[in-house]
Each structure stands twice: as structure tokens, then as C-alpha cells.
Amino acid sequence: MTDNDLGAKIAAAAEMILASRRLVVFTGAGISTESGIPDFRGPGGIWTRFDPDDFTIQKFLRSEETRRKQWKILIEGGLFSNVRPNRAHLAIAELEEIGKLNCIITQNIDNLHQKAGNSPDRIFELHGNMQWVKCLDCDERYTVEYIKKKLKSGIEVPECEMCHGILKPDVVFFGEMLPTEVLDAATAYSMHCDLFLVVGSSLVVQPAALMPAYAKEAGARLIIVNIGDTPYDSQADILIEGKAGDVMSKIVEKVREKT
Ligand code: APR
Ligand code: ZN
């Protein structure tokens with residue numbers, strides 16, 4: 001794509017955002033790679049180094065070895081690093097500030113939209129959030145800070161202090177149901193939006209990847225900002241192949257000029 005093409009697409013995307021009244025932004029791991037968190041299916045992503053089949057809820061419950069691996073993945077996935085929101089997150093926070101955002105639907109568990117300044121009640125985390133860890137036996141909840149201390153002290157598989165039960169991050173594992181009320185809200189927003197903006201997702205994991213389909217069925221326009229193909233590319237009104245931080249900050253700069 002030449003710079004002119006990119007410039008024209010960025011201008012067109014800004015126009016669509018300005019004209020929209022119910023904008024939903026949908027994000028995936030690709031929005032956080034510029035903050036240092038690896039994605040899953042991009043080059044060097046988590047599932048290019050670990051086997052996703054190892055990380056079903058069934059295996060997590062059945063084997064201490066899988067629990068050890070899962071905690072290792074979470075540490076590699078940025079659990080310890082003090083990750084900061086990047087320009088893409090900040091651009092989306094600015095869309096809310098200027099009154100152009102209905103909600104964010106995210107597959108990410110990294111809390112970066114909250115850290116960027118978006119209101120928590122406008123963020124629907126389909127796959128949960130890494131900030132809490134809960135005991136599967138007695139429901140005791142622990143902060144991720146508490147768990148980090150345990151892991152840093154050399155404990156590889158933290159267990160509940162109260163009952164020695166299995167501790168599980170408050171995130172959705174393969175084979176687990178998504179939180180119903182979050183999924184229902186995200187579905188409703190997708191079905192009623194007039195513009196659906198995808199940033200940094202391969203759009204292959206269901207039911208999250210149904211959201212753009214709901215939006216298109218409702219007559220919404222679809223913008224995709226991603227490096228690499230997605231199954232929705234042919235349905236996108238604007239398809240921008242580019243780095244989320246760069247593209248999103250340029251789009252919001254154009255929006256800001258006209259608000
Ligand atoms: N800018 C734009 N796109 C990017 C960037 C970037 N800086 N970095 C990576 N990408 C793209 C990748 O090329 C890839 O197409 O973002 C996409 C991320 O796709 P995935 O890694 O599949 O992440 P995601 O779509 O969020 O995965 C969904 O799968 O494993 C589960 O629970 C996990 O929530 C995750 C779900
Ligand atoms: Zn317990």
C-alpha cells in the first residue's frame with residue numbers, strides 16, 4: 001500500500017468515525033504488541049511457541065504440569081512486565097474523550113484499555129482480566145500482585161492459602177464458557193452499532209469473532225486495522241494493513257481536527 005493509499009484510507013476512516021453515532025471498537029492481542037506483550041498468531045506469537053491444545057480448562061485442572069506451563073505463559077505474556085498502554089490504546093481513549101465511542105469489546109486480558117483511560121463500564125472483556133486470581137475450591141480471590149510475589153519467590157504453581165485449592169487466573173481458557181453478561185452486552189452493542197472498528201485481531205476465535213458479523217448484519221460499516229489477513233477482509237468497508245499505534249494515532253488526529 002503506498003503512502004497515498006494509506007493516507008486516503010486514514011482520512012476515510014476518520015470521516016466514518018465522525019459520521020458515526022454508535023461506534024464499537026473491537027481489539028485483539030495485536031493492539032498490545034507495541035506495549036511488549038506478544039500476540040498469539042502473529043510472527044513469534046504465543047501459539048507459535050506453545051501448543052494451544054495444552055491450555056484447555058480440562059488439562060489445567062487435571063495436571064499440575066499444565067498449570068506450571070500456563071503460569072509460565074502468563075509470565076511470558078507480560079504478567080510481570082509493567083506494561084504501559086501504547087499510542088493505539090491512547091487513541092481509543094481519546095475517541096471516548098471526544099464523545100465518539102460507544103464501547104470497546106476486547107479479547108485482551110492485559111487491562112491496557114483501563115490504563116489508557118477508557119471508562120471500565122465501557123470496556124467488555126470477553127476473555128476476562130488478569131487482575132484477579134480465584135480459588136476454584138473455596139472462591140477466595142487474590143490480586144495478581146499477590147500472585148506475582150508468590151511466583152517471584154520461586155513457587156511455580158501457586159495454591160490457595162485458605163484451602164490449598166487450585167488457583168486460576170480470572171481469564172477464559174479454551175473449553176470454558178465466556179462470562180454470560182459480558183458476552184450478552186458485547187453482542188447487543190455489536191448488533192446496534194453503526195460502525196465497527198477492529199484493531200489487531202486475526203478474528204478467528206469464536207464466539208468473539210462473531211461480533212463483526214453481528215455488526216455487518218445490522219448494517220454497520222466495518223473498518224479493519226490489522227497486520228495480516230482476517231476472514232472478514234472481503235467484508236471490510238476500509239481495510240488498513242498497518243501498525244495499530246501508527247494508524248490509530250493518525251486516524252484520531254484527523255478526527256480531532258474536525259471536532
Ligand atoms: N499492529 C497491527 N496488527 C498487529 C500488530 C500491530 N502492532 N501486532 C500484531 N498484529 C496482528 C497480528 O498479525 C494478528 O493478525 O494482530 C493479530 C493478532 O491476532 P491473534 O494473535 O490471533 O490475537 P487475537 O485475535 O486477539 O486472538 C484471539 O485467541 O488464543 C486466544 O484467548 C486468546 O484472546 C485471544 C484469542
Ligand atoms: Zn481456596
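Every number for a ligand or one of its atoms is a count from 1 in the order of the listing. The first residue of the sequence shown is numbered 1, and numbering continues consecutively from there.
For ligand 1, none of its N or O atoms has an N or O atom of Asn108 under 3.5 Å away. Looking at Ala244 next to ligand 1, an N or O pair under 3.5 Å apart turns up. Looking at Asp229 next to ligand 1, no N or O pair under 3.5 Å apart turns up.
Under the 4.0 Å criterion applied to side-chain N and carboxylate O atoms, Lys150 and Glu145 are not assigned as salt-bridge partners. Salt-bridge formation is not detected for the pair Glu253/Lys250: no Lys NZ or Arg NE/NH1/NH2 atom is positioned less than 4.0 Å from an Asp or Glu carboxylate oxygen. A salt bridge links Arg256 and Glu94; the closest N-O separation between the charged side-chain nitrogens and carboxylate oxygens is under 4.0 Å. Between Asp51 and Lys59 there is no salt bridge, since none of the side-chain N atoms of the basic residue sits less than 4.0 Å from a carboxylate O of the acidic one. Salt bridge status for Asp170 with Lys134: present, with a side-chain N to carboxylate O gap under 4.0 Å.
Residue contact check: Gly200 has heavy atoms under 4.0 Å from atoms 16 (O), 17 (C), 18 (C) of ligand 1. Close approach to Lys243 involves these atoms of ligand 1, each under 4.0 Å from a residue heavy atom: 1 (N). Remark: ligand 1 atoms within the under-4.0 Å shell around heavy atoms of Glu34 are 1 (N), 6 (C), 7 (N). Heavy-atom proximity to Gly28, at under 4.0 Å, picks out these atoms of ligand 1: 26 (O). Here is the list of ligand 1 atoms found below 4.0 Å of a heavy atom in Ser202: 17 (C), 18 (C), 19 (O), 20 (P), 22 (O), 25 (O). Here is the list of ligand 1 atoms found below 4.0 Å of a heavy atom in Thr33: 5 (C), 6 (C), 7 (N), 8 (N), 9 (C).
One distance of note links CG of Leu167 with CD of Glu161; it measures 8.5 Å at 0.5 Å rounding. Within the model, atoms OG of Ser190 and CZ of Phe196 stand 4.5 Å from one another, a figure rounded to the nearest 0.5 Å.
Not a single heavy atom of Gly45 sits closer than 4.0 Å to an atom of ligand 1. Heavy atoms of Ala29 come nearer than 4.0 angstrom to ligand 1 in at least one pair.
In summary, an N, O or S atom of Cys163 is located under 2.8 Å from the Zn ion (ligand 2).
Here the angle at the Zn ion (ligand 2) defined by SG in Cys138 and SG in Cys160 stands at 110°, rounded to 10 degrees.
Classified by interplanar angle (parallel below 30°, tilted 30° to 60°, perpendicular above 60°), the ring pair Phe55/Phe50 is perpendicular. Ring geometry for Tyr189 against Phe124 counts as tilted: the plane angle lies between 30° and 60°, on a 0 to 90° scale.
The protein heavy atom nearest to atom 27 (O) of ligand 1 is Arg41 NH1, 3.1 Å. With respect to atom 9 (C) of ligand 1, the closest heavy atom belonging to the protein is Asp39 OD2, 3.2 Å. In terms of protein heavy atoms, atom 35 (C) of ligand 1 is closest to Phe40 CE1, 3.6 Å. Nearest protein neighbour of atom 2 (C) of ligand 1, counting heavy atoms only, is Gly242 O, 3.3 Å. Atom 17 (C) of ligand 1 has Asn226 OD1, 3.4 Å as its closest protein atom, hydrogens excluded (heavy atom only). Regarding atom 10 (N) of ligand 1, its nearest protein heavy-atom neighbour is Gly30 CA, 3.6 Å. The single protein non-hydrogen atom nearest to atom 30 (O) of ligand 1 is Trp47 NE1, 2.8 Å, given as residue, atom name and distance. Protein heavy atom at the shortest distance from atom 34 (O) of ligand 1 is His127 ND1, 2.9 Å.
Residues Gln206 and Leu210 have side chains in contact (heavy-atom distance under 4.5 Å, counting atoms from C-beta outward). In this structure, the side chains of Ile224 and Leu203 come closer than 4.5 Å at one or more pairs of heavy atoms.
Looking at Gln107 and His127, their side chains never bring a donor and an acceptor atom within 3.5 Å of each other. A donor atom on one side chain and an acceptor atom on the other are not found under 3.5 Å apart for Asp184 and Thr187.
Residue contacts with ligand 1, taken as heavy atom pairs separated by less than 4.0 Å, involve Ile227 via backbone and side-chain atoms alike.
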